[in-house]
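What follows is a single structure, written as structure tokens, with notes after it.
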Amino acid sequence: MLRRGGQCTRMHDKKVMDVQDEVLLDALSQGSHPAFEQLYDRYSRRIYANLIRLVRSEAVAEELLQDVFMKVWELRATINTGQSFRSFLFQISGNLAIDFYRKSARQHTMELAKKLTEESTYDHVEKYIDFKEAEILLDRAISALPPQRQRIFRLCRIEGKSYEEVAELFSLTRNTVKDHMTKANRFLRELLSQEYGPFLVLLAAVFSF
């Protein structure tokens with residue numbers, strides 16, 4: 001009975017919060033700064049904690065948190081007040097985290113490519129490709145993957161995320177992430193060997209197939 005009472009209390013609190021959110025969001029849609037500040041105070045800590053879990057950097061999480069609420073302000077007139085605002089915030093923060101990893105992956109790939117070409121073992125690569133062209137070819141190969149598989153590949157292979165971390169990020173099972181990676185690796189091996197010829201050594205080294 002006590003457990004049931006606790007559940008009822010939590011459900012009541014959630015309904016009250018949803019109603020309060022709806023009132024604040026209605027005001028926000030009209031450009032209310034106080035409503036915006038109240039929503040920020042209500043949710044910023046939870047979104048910040050989630051961002052730290054996703055990006056594992058307090059500095060990056062703080063920056064992305066500001067981006068989340070900038071998005072809220074930009075979209076204030078179109079936010080659906082009938083849906084969970086909390087879920088809306090988590091969706092935005094998740095998308096921004098993915099964008100962060102995309103940008104980091106691109107920079108990381110180029111740093112690896114530069115390092116390889118500076119090593120004597122890979123001196124001959126400079127005869128075939130410059131850094132900008134390498135970035136284009138690498139990104140083009142990955143972009144040929146289906147969208148979700150592409151995101152999973154970038155996080156796992158380039159950023160070094162574990163299958164478990166990526167599975168949690170996308171609400172998937174570990175086996176599903178593993179299957180995506182197996183198929184992505186097979187596809188990219190075939191594409192790189194068929195289309196890029198002499199660049200394969202560089203590309204394979206970057207991705208550690």
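Quantities reported herein were computed from a predicted structural model and do not represent experimental measurements.
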Q. Less than 4.0 Å between a side-chain N and a carboxylate O, is that true for D67 and K71?
A. no
Q: Compare every heavy atom of V55 with every heavy atom of A97, then report the nearest pair and how far apart it is.
A: CB-CG1, 4.2 Å
Q: Over all heavy atoms of both residues, which pair between G31 and R76 is shortest? Give the atoms and the distance, please.
A: CA-NE, 4.0 Å
Q: Report the distance from atom CG of N80 to atom CG of L25, rounding to the nearest 0.5 Å.
A: 9.5 Å
Q. Taking only residues two or more places apart in sequence, or in another chain, which ones meet Y48 in a side-chain hydrogen bond (donor to acceptor under 3.5 Å, both in side chains)?
A. none
Q.
Nearest 0.5 angstrom please: Q83 CD to D21 CG, how far?
A. 13.0 Å
Q: Calculate, to the nearest 0.5 Å, the distance between atoms CD and OG belonging to E62 and S44 respectively.
A: 11.5 Å
Q) Which heavy atom in S93 sits nearest to a heavy atom in N50, and how many Å separate them? A) OG-ND2, 3.6 Å
Q: Evaluate the side-chain proximity of K183 to F153: yes if any heavy-atom separation is below 4.5 Å, no if none is.
A: no
Q: Return the minimal non-hydrogen interatomic distance between I152 and H180, and the atom names on each side.
A: CD1-CD2, 3.6 Å
Q) Would you say R46 and L89 make side-chain contact, with heavy atoms under 4.5 Å? A) no
(Q) Using every non-hydrogen atom in the two residues, find where K161 and V166 come nearest and quote the distance to one decimal. (A) CB-CG2, 3.7 Å
Q. Of all residues at least two apart in sequence or in a different chain, which pass the side-chain contact (heavy atoms from CB on, under 4.5 Å) check with A49?
A. none
Q.
How long is the straight-line distance from CZ of R151 back to CZ of R149, given to the nearest 0.5 Å?
A. 12.0 Å
Q | Heavy-atom side-chain contact between Y43 and L65 under 4.5 Å | A | no
Q | Closest non-hydrogen atom pair between A35 and L28, with its separation | A | CB-N, 3.9 Å
Q. Is there any salt bridge (Lys or Arg N to Asp or Glu O under 4.0 Å) pair reaching into residues 49-61, and which pairs are they, with sequence neighbours excluded?
A. R53-E168, R56-E165
Q) Are L39 and V23 in one and the same hydrophobic cluster, where Ile, Leu, Val, Met, Phe, Trp and Tyr link if side-chain heavy atoms are under 4.5 Å apart? A) no
Q: Check whether any side-chain heavy atom of L24 sits under 4.5 Å from a side-chain heavy atom of F85, and report yes or no.
A: no
Q.
For T173, give me all partners under side-chain contact (heavy atoms from CB on, under 4.5 Å), at least two apart in sequence or on another chain.
A. N175, T176
Q.
Is the shortest side-chain heavy-atom distance between L75 and F88 below 4.5 Å?
A. yes
Q) Does I92 reach the side chain of F69, with side-chain heavy atoms less than 4.5 Å apart? A) no
**Q.** Under the side-chain hydrogen bond (donor to acceptor under 3.5 Å, both in side chains) test, residues paired with K178 that sit two or more places apart
**A.** none
Q. How long is the span from the CG atom in N95 to the CZ atom in F90, to the nearest 0.5 Å?
A. 13.5 Å
Q.
According to salt bridge (Lys or Arg N to Asp or Glu O under 4.0 Å), does anything in residues 86-101 pair up with another residue at least two apart or in another chain? List the pairs.
A. D99-R102
Q. Measuring from L172:CG to Y163:OH, what's the distance to the nearest 0.5 Å?
A. 13.5 Å
